[in-house]
Asks: 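I have a structure here, written as structure tokens, and I will follow up with some questions on it.
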There are 2 protein chains.
Amino acid sequence: MTDTTDTWLPQPDLTGLDVGAVLQALADPVRRQIVRLLDECGEATCSSLDLPVKVSTVSHHMKILRESGVVSTRLDGTARPSRLRRDELERRFPGLLGSIISATPPTA
Amino acid sequence: MTDTTDTWLPQPDLTGLDVGAVLQALADPVRRQIVRLLDECGEATCSSLDLPVKVSTVSHHMKILRESGVVSTRLDGTARPSRLRRDELERRFPGLLGSIISATPPTA
DNA sequence: CGGAACTTACGAAGTTCATCGTAATAGAAC
DNA sequence: GTTCTATTACGATGAACTTCGTAAGTTCCG
């Protein structure tokens, strides 16, 4: 995975990560749920996630997560599977993502 | 310090800390600045902090930080000095506070 | 080519939030 | 007791955010 031949949607690089944007992204409960689900399944599209909001809203949240640097989104036909940027986040904000995931219950 | 004879304003206990409330509290740039300043000076009142907002606004932010469990506020005459709940936050969300503080520049 | 499926951009509605000024409260000092 | 200072509660205002429905753009497949 992480095939370099894949095409990706625009996203900030490691040095461009802003702690304010990341925290604001993770402050929303739906987005934390997305993060938790991606942590479990590895990769998912907006429509494949089981969330209590409409797909267009999930797409909006995924965009915020991507632009803040929390997730990467790959182009695969009409699908846009996203995954966590776990290693990069860990390097930039050690412990942050892990604490949040382990503190986010499945029913939040 | 942390004299048990002191009186404190109401605050959630360790098990009552909600990751959503903490992240929402730390998502605001002014509140992150307060956290950074408290990390430096140890304890401070609303009026003693050098911030680009009015004191009444600082009081509002300090209340949010206190109710989310990020700071403790002690009663000392008319003053209400607050300090970080560093150890408790570290036990509940390991690495979170440190990552945020080190990623929050003095001019944010 | 034509249609179906997936995603997102856009506009709108309702809510939440940051900020301020003012007023009220509580302690300290005289 | 009175006055002064420090803090906070309250109301208002304007911005930002979440959510939705709809429409538009892409890709895949008969």
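Here is the naming used below: chain letters follow the sequence lines, and residue numbers restart at 1 for every chain. Keep in mind it's a predicted model, so treat the numbers as computed, not measured.
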Asks: First and last nucleotide of DNA chain C in contact with chain A, 5' to 3', at under 4.0 Å to a heavy atom: what are they?
Replies: C:dC6 to C:dA9
Asks: Against B:Val71, only a single residue in B:Leu9, B:Leu84, B:Ile34 fulfils side-chain contact (heavy atoms from CB on, under 4.5 Å); can you say which?
Replies: B:Leu84
Asks: Any chance you could lay out the side chain to side chain contact (heavy atoms under 4.5 Å, CB included) test for B:Arg32 and A:Leu23, step after step, and finish with the verdict?
Replies: CA-CA 10 Å; B:Arg32 272 201 310 283; A:Leu23 289 175; 3.8 Å; yes
Asks: Apply side chain to side chain contact (heavy atoms under 4.5 Å, CB included) to the pair A:Leu26 and A:Val35, showing each step before the final yes or no.
Replies: CA-CA 8 Å; A:Leu26 296 174; A:Val35 168; 3.8 Å; yes
Asks: Distance check needed: D:dA9 C1' versus B:Leu9 CG, whole Å only.
Replies: 13 Å
Asks: For a quick test of reading the model, state the closest non-hydrogen atom pair linking A:Ala21 to A:Ser68 and the distance between them.
Replies: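 Looks like O-CB, 3.7 Å.
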Asks: Under 3.5 Å, side-chain donor or acceptor atoms of residues 50-66 of chain B against the rest of the protein: list the pairs with distances, not counting sequence neighbours.
Replies:
from    : atom 1 : to      : atom 2 : distance (Å)
B:His61 : ND1    : B:Arg31 : NH1    : 3.0
B:Arg66 : NH1    : B:Thr73 : OG1    : 3.1

Asks: Along nucleotides 25-30 of chain D, 5' to 3', which nucleotides get a B, which get an S, and which get a -, given that the test is a protein heavy-atom distance under 4.0 Å?
Replies: -BBS--
Asks: Counting the atoms with a prime plus P, OP1 and OP2 as sugar-phosphate, which does B:His60 contact under 4.0 Å by heavy atoms, base, sugar-phosphate, or nothing?
Replies: base
Asks: If you apply the rule side chain to side chain contact (heavy atoms under 4.5 Å, CB included), what do you find for B:Gln11 with B:Arg85, and how did you get there?
Replies: CA-CA 11 Å; B:Gln11 60 176 17; B:Arg85 296 176 64 181; 3.7 Å; yes
Asks: Please list, chain by chain and in numerical order, all residues satisfying side-chain hydrogen bond (donor to acceptor under 3.5 Å, both in side chains) with A:Glu43, sequence neighbours excluded.
Replies: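 With sequence neighbours excluded, A:Glu43 shows a side-chain hydrogen bond (donor to acceptor under 3.5 Å, both in side chains) to A:Arg74, A:Arg83, given in chain and number order.
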Asks: Between A:Leu51 (CG) and D:dC20 (C1'), how many Å, whole number?
Replies: 15 Å
Asks: In Å and rounded to the nearest 0.5 Å, what is the CZ to CG distance from B:Arg86 to B:Leu38?
Replies: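 Taking CZ in B:Arg86 and CG in B:Leu38, the distance rounds to 9.5 Å.
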Asks: Quickly work out the A:His61 NE2 to D:dC17 P distance and round it to whole Å.
Replies: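 It works out to 12 Å between those atoms.
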Asks: Using atom types as modelled and distance alone, determine if a side-chain donor or acceptor of A:Arg80 lies under 3.5 Å from a backbone N or O of A:Thr45.
Replies: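 Judged by distance alone, no pair lies under 3.5 Å.
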Asks: Want to settle it: does B:Gln24 or A:Pro81 sit nearer the 5' end of DNA chain C, counting the closest nucleotide to each?
Replies: A:Pro81
Asks: Contacts to DNA chain C from residues 43-50 of chain A, heavy-atom cutoff under 4.0 Å, which residues?
Replies: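 Correct list: A:Thr45, A:Cys46, A:Ser47.
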Asks: Which pairs would a plain distance check flag for residues 91-102 of chain B, meaning a side-chain donor or acceptor within less than 3.5 Å of a matching protein atom at least two apart in sequence or in another chain?
Replies:
from     : atom 1 : to      : atom 2 : distance (Å)
B:Arg92  : NE     : B:Leu14 : O      : 3.3
B:Arg92  : NH2    : B:Leu17 : O      : 2.8
B:Ser99  : OG     : A:Pro94 : O      : 2.6
B:Ser99  : OG     : B:Gly95 : O      : 3.1
B:Ser102 : OG     : B:Gly98 : O      : 3.0
B:Ser102 : OG     : B:Ser99 : O      : 3.2

